[in-house]
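Numbers for residues simply follow the sequence, beginning at 1. Not measured: the values here are computed from a predicted model.
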Amino acid sequence: LAAVHDQIEQFKIPVFAYDSGGHWRLGKFNPYVWRIIPMAPVGVPVVMSKMQKKFNIKKAALLYNNDDEAAASTAIVNPDVAKKLGIQLVESSAKVGEPDWSAQLTKAKGAGVDAFFLVAQAFDSGLLIKQAREMGMNQPAIADLVAQGPDYWKMSQGKVGTTVTWAFFSHDDKRAYVQDLYKAFWKMH
């Protein structure tokens with residue numbers, strides 16, 4: 001989406017970007033792009049604040065893909081929000097597809113983090129949280145939108161523990177179509 005942004009504007013092509021959750025560094029998107037997924041500047045402050053209170057987070061590990069535009073640009077939101085909330089961050093990153101997050105997790109474990117902030121592709125986040133659990137790290141994970149993807153759950157092999165994310169709907173919403181979506185999502189994942 002970021003790569004074709006200028007052409008979308010130039011040719012005035014309406015684009016419904018349903019699955020684009022990246023916080024791109026473009027600034028504001030042109031008026032021809034519609035995105036329904038909440039972006040990091042909206043989701044991160046709400047989720048991080050609520051989870052800080054719920055889990056008494058004072059220090060967290062920010063783990064992200066450094067070579068993925070969506071993850072890297074979304075990860076830049078976390079430090080500002082954490083600073084405003086008084087959360088100390090321990091930052092580590094890896095390339096997409098990294099099979100071993102042990103160095104980053106050892107750093108987080110040594111720092112005594114209270115939570116993980118995951119901003120990586122779904123398969124990387126799933127593998128990362130699996131490895132964390134296998135290292136005896138059971139802290140809650142606060143993930144971006146990728147935690148809703150099937151690869152997160154598949155790669156974690158059922159070891160997600162407590163994972164919190166944000167979405168475009170709320171499971172508390174009693175409307176039938178929202179409940180149908182919620183049930184279908186959990187049936188799939």
Side-chain angles (χ1 to χ4, degrees), residues 19 21-23 37-38 40 43-83 85-167 171 182-189:
D19 65 345
H23 171 63
I37 297 175
V44 170
V46 173
V47 173
M48 195 182 293
S49 175
K50 287 183 181 289
M51 294 303 99
Q52 179 193 33
K53 291 174 185 153
K54 181 175 180 80
F55 297 111
N56 193 29
I57 300 170
K58 293 179 176 45
K59 189 185 296 185
L62 173 59
L63 302 159
Y64 64 96
N65 290 131
N66 57 29
D67 64 340
D68 178 80
E69 180 63 25
S73 61
T74 297
I76 64 173
V77 174
N78 287 269
D80 289 338
V81 176
K83 185 176 180 179
L85 295 172
I87 297 172
Q88 180 184 349
L89 283 186
V90 176
E91 295 186 42
S92 293
S93 65
K95 295 183 182 296
V96 170
E98 173 61 49
D100 182 9
W101 286 83
S102 61
Q104 295 88 342
L105 290 167
T106 299
K107 179 180 174 183
K109 190 172 189 174
V113 299
D114 304 311
F116 299 110
F117 296 153
L118 306 181
V119 190
Q121 288 298 325
F123 45 88
D124 288 311
S125 291
L127 183 61
L128 186 161
I129 204 65
K130 174 185 174 280
Q131 291 174 6
R133 302 310 186 220
E134 290 172 347
M135 291 175 68
M137 301 175 76
N138 295 313
Q139 295 88 332
I142 299 165
D144 70 352
L145 298 164
V146 301
Q148 298 174 40
D151 283 345
Y152 179 72
W153 300 90
K154 181 180 174 184
M155 294 303 290
S156 69
Q157 296 178 356
K159 297 181 179 177
V160 296
T162 299
T163 298
V164 179
T165 186
W166 63 88
H171 73 281
Y182 179 71
K183 288 172 190 166
F185 176 83
W186 284 107
K187 185 177 180 183
M188 286 175 55
H189 306 302

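The shortest side-chain heavy-atom distance between F116 and L105 falls under the 4.5 Å cut-off. In this structure, I87 and K59 have side chains that are not in contact, with every pair of non-hydrogen atoms separated by 4.5 Å or more. Between P79 and K83 there is no side-chain heavy-atom pair separated by less than 4.5 Å.
L62 CG to I142 CD1: the interatomic distance, rounded to the nearest 0.5 Å, is 11.0 Å. Rounding to the nearest 0.5 angstrom, the gap separating the NZ atom in K159 from the CG atom in L127 is 11.0 Å. Rounding to the nearest 0.5 Å places CG of D124 at 4.5 Å from CG of N65. Rounded to the nearest 0.5 angstrom, K109 NZ and M137 CE are separated by 6.5 Å. To the nearest 0.5 Å, atom CZ of residue F123 and atom CE of residue M155 are 8.5 Å apart. Here the straight-line distance linking atom CE of M48 with atom CG of N78 works out to 4.0 Å at 0.5 Å rounding.
Pairing each heavy atom of S93 with each of N66, the nearest pair is OG-ND2, 2.9 Å. Looking at every heavy atom in both residues, I57 comes nearest to A115 through CD1-CB, 3.6 Å. Closest non-hydrogen pair, V81 versus V44, comes out as CG2-CG1, 3.9 Å. In plain terms, the two heavy atoms of Y64 and W101 that are nearest each other are O-CH2, 3.8 Å. S156 and V160 get closest at one heavy-atom pair: OG-CG1, 3.1 Å.
Within the 3.5 Å criterion, the main-chain N or O of G97 finds no donor-acceptor partner in the side chain of Q121. The backbone N or O of A141 lies less than 3.5 Å from no partner atom in the side chain of T163, so there is not a single donor-acceptor pair. Without hydrogens or angle criteria, D114 side chain to K58 main chain gives a donor-acceptor distance under 3.5 Å. Remark: the backbone N or O of A122 is not paired with any side-chain donor or acceptor of D151 at under 3.5 angstrom. In this structure a side-chain-to-backbone donor-acceptor pair under 3.5 Å is present from K107 to E91. With R133 contributing its side chain and L128 its backbone, the two residues share no donor-acceptor pair below 3.5 Å. A distance-only check finds a donor-acceptor pair linking the side chain of W153 to the backbone of A147 [under 3.5 Å]. Side-chain atoms of D68 do not come within 3.5 Å of backbone N or O of A120 as any donor-acceptor pair. At least one donor-acceptor pair closer than 3.5 Å links the side chain of Q52 to the backbone N or O of L85.
Of the residues listed (L89, L63, V47), the one engaging F117 in a side-chain contact (heavy atoms from CB on, under 4.5 Å) is L89, and it is the only one.
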Check your understanding: Step by step, would you call D100 with Q131 a side-chain contact (heavy atoms from CB on, under 4.5 Å)?
Key -> CA-CA 8 Å; D100 182 9; Q131 291 174 6; 4.0 Å; yes

